[in-house]
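What follows is a set of notes on a single structure, which appears directly below.
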Amino acid sequence: MTIHTILRMGDPVLLQKASLVTFDNPAALTQLIADMRETMIAADGAGLAAPQIGISQQLVIYELNDNPRYPDVEAIPFTVLINPVITPLVNQQQAGWEGCLSLPGLRGEVARYTRIRVDYQDVHGQSQSMEVEGFHARVVQHEVDHLLGILYPMRMKDMSRFGFRDELEQHGVTT
Ligand code: NI
């Protein structure tokens, strides 16, 4: 397995719209997912999109179990979303703090839909659909944005709610 370098904001690959995954090389796809999981774990992240390791394809992974960066949210099992499309199921959005492995050390407050449906393909190319809410819905929206070339600061409405995590925590702005 390979732990990849994670691209940081400023790299143009992060601003590209990713290509559809075609499933013509299942072994390579399985290897890519395994490498992404290793990379995400090594970086202590909750999610990772393929463009973040320089592969501009519509594939994201996420997993949340007892992550010290997110102590107050429910565990989410390891999930792979391929060619995902989000449909909001509510009109309202809720503000919440996010971080991103491509902006190390930073956090920002972003409004996200509280409940969404995501249509996607699994690792076998089978069409799947699920409805998620709360923090899980936030993670999916953040990760799918990476496939559209969108980083979370581009979604922010109030840049006074953006800063370095250590300072925000020190001053009680985030926990
Ligand atoms: Ni991210």
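One-based numbering along the sequence shown. We use all heavy atoms of the structure for the numbers below, so side chains are in, but hydrogens, waters and symmetry mates are not. What you see is a predicted model, and the numbers here were worked out from it, not measured in a lab. As the structure lists them, so they are numbered: ligands from 1, and atoms in each ligand from 1.
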Task: Salt bridge present between Asp145 and Arg112 (N-O < 4.0 angstrom) - done: yes
Task: Within-4.5 Å side-chain heavy-atom neighbours: Tyr120 and Val80 - done: no
Open item on the list: Between Leu29 and Ile82, is there a side-chain heavy-atom distance shorter than 4.5 Å?
Closed with: yes
TODO: Calculate, to the nearest 0.5 Å, the distance between atoms CD1 and CD1 belonging to Ile61 and Ile33 respectively.
DONE: 8.0 Å
Open item on the list: Return all protein N, O or S atoms below 2.8 Å from the Ni ion (ligand 1), chain by chain in residue order.
Closed with: Cys100 SG, His142 NE2, His146 NE2
Open item on the list: Is any side-chain heavy atom of Thr5 closer than 4.5 Å to one of Ile53?
Closed with: no
- [ ] Using a strict 4.0 Å threshold on nitrogen-to-oxygen distance, state whether Arg155 and Glu98 make a salt bridge.
- [x] no
